[in-house]
Amino acid sequence: MIDGVLLGLATVFTWQSLLLVLSGCLVGTIIGMLPGLGPISAIALMIPVTFGLEPANGMLLLAGVYYGAIFGGSTSSILINAPGVAGTVATAFDGYPMATRQGKPGKALATAAYASFAGGTLAAIMLVVAAPYLASLSLSFQSIDYFLMMVLGLTLVTAFAAEGEHLKALIMTFVGLALATVGTDLTAGVQRFTFGRMDLIDGVSFLMLAMGTFALSEALMMVLRGNFSATLTVPKTGLNLSVSELKDIAPTVSRASVLGFFVGVLPGAGATIASFLSYGLEKSIGKKDLPAFGEGNIRGLAAPEAANNAACTGSFVPLLTLGIPGSGTTAVLLGALIAYGIQPGPRLFVDEPQIFWSVIVSMYVGNLFLLALNLPLIPYLARLLTIPRQILIPMIMFFSLMGVYLVSFNTFDLQLIVLIALIALVLRLLEFPMAPMLLGFILGGMLEDNLRRAITLSNGDWFYLLERPVSLALLGLISTALLLPLIRKLVTGRTSL
Amino acid sequence: MIYQRLAGLAFAVLFAAYGYFALSIQLDFWATEEVFNAQTFPLAIAVGGTLVSLLFTLFPGAVHRESNNLPAIQARSALSVLGLLILMLAYSALLELIGFIAASVTLLAGGFWILGERRGWRIAVISIAVAAGFYGLMGALGIYLEPGILALGMGAND
C-alpha cells in the first residue's frame, strides 16, 4: 500500500499533472455552476480533450472535473436554491436559508467548501486503506438489500420531517415515486402514463423537477411575497468560521464522511442517498439546535456536503476494483478508461498500478485545489445576492428554463416545467415539503428495478424479504422510522402527525 | 385547516386516478402471468398514496403559520406571477421561431419590466448581455442553440 501511494504521489506531483488537476477543477466548477450541466456533462465534454494525453494524466484531469462540478452544483444550490445535481439537493435545505435569510452567503459557501474538502480527504484516506476489502463487501449486497436501503432513505426523510408534516412528507414521497413511473418501462418495454405523447416517452427529467420545484417556484414565491424593498441587507461575504463553529461541525463532518463513503461504495446508491441519510442523522441528533434544521443550521449544511463528496470518492471503489461503475458519472469514467485501452477491474491494481494509485492520490490533490481555487472566489460569488430582486428573479427563470432545455432541446419540457413550478407554488403555500418528492423521484426507478430483480430471482416469493439478516435489519429500521412519529405522538400527547 | 383537508382529498382523487390509469397499462400476454410486471409498482404507489392521502384528510396536522388560512396575497403580486408564467410559456413558443438570443432577450426584458424595472437602458443592456453571453458560452462548449426560423430564412447556417 505504501509503495502504491508513493507511486501515485510520484505520478501526480509533476508540473504537468498538477496543472491538469488544477485545470480540471476550474473547468468542472464553472460547468457545474451552469444549470443543466452537471458532472456527467462536464466529464463527457472533457473526454475528447484528454485523448492526446497519457491515460494517467487523462484520468487526473477527469477526476478534477468531477469534483469541480460537484462543488459548482453546490454553489447554485446554496445561492439560488437551484440544485443542478441530485447529490446537492440536501445542501439547499440549510445552505439557501443561511445565504439568504441569515444574509451569510460567504459563510455558507465557505462551510460547504471546508466540509467538502474534509469529506473528500477522509474518504480518500479510507479508500487507500480499505478499497480491496470494501469491494468484496459491496458484492455481498443483493437487489433486495438495495431496495430496502432506498426505502429506508425515503422513510427517514419523512420521519425527520417537521412536526405535523409527516403525512405531508409521505404523500409527497408517493408523488415522487409516481412521477418516476412516467415514461417507458425499460424492462417490459411498455409506455406508462404518457397519454400518447412522444415527449413523455423518456419520462420526466430530474433537472426539470428540481428546477421547477426549487428554483422556479422559489423565484415565483419571492414575487408573491412582494419582497422588493429598495434597500437590501448587504450580505456578509466573510468566509471565516469561528472556532466554536468549527468545533460544532467537526463531529458532523466526520460522521457524514464515514456514512457517505460507505454508502458511495455500494454501486447505484450514490451521493444522493448519502447526503439525505447524513442530513437525517444530524437532524435527529440536533433537534434542539438553533437555528433549527431547515433554517440555516451550519451542521445541516456541512453534513450533506461532506457526505456527497465522500460518496463520490467511495463510488470509485467499485469502478477501480471491480470495473463496475457506482454511479452515472463513474459510468462515463469507465467509458473513458476503455477508450484509453484500459480495462478497470480486479487486474487494474496489478496491470496498471500507476493509474490506480494516481487516481486515488489525485482525489486528495483535487480537493486541495478546489479549496484553494474556490475560497478566493466566494466573496465574488456571494455578491450575486446583492443583485436587485427585479433583476435576479428573471435571471433565475432564464437559467432554470435553459437548464431544462439543454437536456432535451424540446420546448414541451419548457411548458412542463412552468406547470410544475405553478403546482409546486400552490403546494408550498399549503406547506407541503418538496424534498421528499424529489428523493422519491430520484429513487423510484432504482426501487422498482431492484424489487423486480429480487422478486424474479426468488421466483415470485415475497417472503424472500425476510430471509436475509441484512434485509431483516433494514426492515426493522424502516418500521422504526415509519412508526417514530406515531410513537412521539403517543408519548407527548400531540394531535398532529 | 379546510385547505389542508381539500388538498388531502385532491391527492386521494389523483392517486385513485393514477391507479385507474395504471390498470390501463398495456401488458404483453406473458406479463399478465408474472408476479411483478409493469403495473405492479404503479398499483402499489396508487394504493399507498390513496391511503395516506385519506389519512391526511382525516388528520391534516398543524399549520405553522399564525393563521390557518392561506397567506394574504396582494393582487398586484398575483398578477406579476401570472404575467411571469405567461411570459415563460411565450418563451417556449418563441424559442424556435425567432431564435435563442431574441427569445431570451424578450424573456429577460419582459421579466424585468413585469417586476418593476423601468430604466430602459438597464433592461436592454442586461438582457442582451446575458443572452448573448450565454449563447457565446454554449457555442464555445460546442452546444448548438437554435438560431430561429427567421434567421434561417435570412441565410444563417443550421
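In what follows, every chain begins at residue 1, and chains take the letters A, B, ... in the order their sequences are listed.
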Engineer: Given 3.5 Å as the limit, does a donor-acceptor pair link the side chain of Q390(A) with the main chain of W113(B), or not?
Structural biologist: no

Engineer: Top residue by heavy-atom pair count (under 4.5 Å) with chain B, among L427(A), T181(A), I391(A)?
Structural biologist: I391(A)

Engineer: Does the side chain of S53(B) come within less than 4.5 Å of F174(A)'s, by heavy atoms?
Structural biologist: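 F174(A) vs S53(B): side chains apart.
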
Engineer: Hey, what do you get for CD1 (I25(B)) to CZ (F193(A)), rounding to the nearest 0.5 Å?
Structural biologist: 4.0 Å

Engineer: Specify which of I171(A), V418(A), L170(A) makes the most heavy-atom pairs with chain B at under 4.5 Å.
Structural biologist: I171(A)

Engineer: Would you mind reporting whether L422(A) and V81(B) have side-chain heavy atoms less than 4.5 Å apart?
Structural biologist: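 No, too far: nothing below the 4.5 Å cut-off.
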
Engineer: So do the side chains of F100(B) and M402(A) get within less than 4.5 Å of each other, counting heavy atoms only?
Structural biologist: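 Touching, per the 4.5 Å side-chain cut-off.
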
Engineer: Between atom CG of L447(A) and atom CD1 of I45(B), what is the distance when rounded to the nearest 0.5 Å?
Structural biologist: 8.5 Å

Engineer: Before we go on, tell me: are the rings of F134(B) and F398(A) under 6.0 Å apart, centre to centre?
Structural biologist: yes

Engineer: Atom CG in L85(B), atom CG in L216(A): separation rounded to 0.5 Å?
Structural biologist: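 Those atoms lie 9.0 Å apart.
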
Engineer: Do you know which two heavy atoms are closest between L414(A) and S92(B), and how far apart they sit?
Structural biologist: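 Closest heavy-atom pair between L414(A) and S92(B): CB-CB, 3.6 Å.
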
Engineer: For chain A, which candidate among G111(B), A38(B), A93(B) shows the most heavy-atom pairs at distances under 4.5 Å?
Structural biologist: A38(B)

Engineer: In Å and rounded to the nearest 0.5 Å, what is the CG to CG distance from L107(B) to L401(A)?
Structural biologist: 6.0 Å

Engineer: Considering only heavy atoms, which portion of M395(A) lies under 4.5 Å from any heavy atom of chain B: side chain, backbone, both, or neither?
Structural biologist: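 For M395(A), backbone and side chain are both near chain B.
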
Engineer: Which bit of Y18(B) comes within less than 4.5 Å of chain A, counting heavy atoms only: side chain, backbone, both or neither?
Structural biologist: both

Engineer: What part of L108(B) lies closer than 4.5 angstrom to a heavy atom of chain A: side chain, backbone, both or neither?
Structural biologist: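 Looking at L108(B), backbone and side chain both touch chain A.
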
Engineer: Please classify the contact between V190(A) and chain B as side chain, backbone, both or neither, with a heavy-atom cut-off of under 4.5 Å.
Structural biologist: side chain

Engineer: Between F56(B) and F432(A), does the ring centre distance come in under 6.0 Å?
Structural biologist: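 Close enough - the centres of the two rings lie under 6.0 Å apart.
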
Engineer: Taking side chain as everything from C-beta outward and backbone as N, CA, C, O, which of these in F412(A) sits under 4.5 Å from a heavy atom of chain B? Side chain, backbone, both or neither.
Structural biologist: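 It is neither, since no heavy atom gets under 4.5 Å.
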
Engineer: Do Y91(B) and T411(A) have side-chain heavy atoms sitting under 4.5 Å apart?
Structural biologist: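 With C-beta onward as the side chain, the pair stays apart.
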
Engineer: For the atom pair OG1 (T40(B)) and CG (D185(A)), what is the distance rounded to the nearest 0.5 Å?
Structural biologist: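 Nearest 0.5 Å value for the OG1-CG distance: 9.5 Å.
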
Engineer: Report which part of R76(B) has an atom under 4.5 Å of a heavy atom belonging to chain A: side chain, backbone, both, or neither.
Structural biologist: neither

Engineer: Got a second to check how far M88(B)'s CE is from L419(A)'s CG, nearest 0.5 Å?
Structural biologist: 11.0 Å

Engineer: I need the residue from Q415(A), R452(A), Q191(A) with the largest number of non-hydrogen atom pairs under 4.5 Å to chain B.
Structural biologist: R452(A)

Engineer: Search all heavy atoms of L167(A) against all heavy atoms of F59(B) and return the closest pair with its distance.
Structural biologist: CD1-O, 3.9 Å

Engineer: Taking the side chain as every heavy atom from C-beta outward, state whether M172(A) and F11(B) have any atom pair closer than 4.5 Å.
Structural biologist: yes

Engineer: Near Y20(B) OH, under 6.0 Å, is it more than 12 heavy atoms from other residues, nucleotides or ligands?
Structural biologist: no

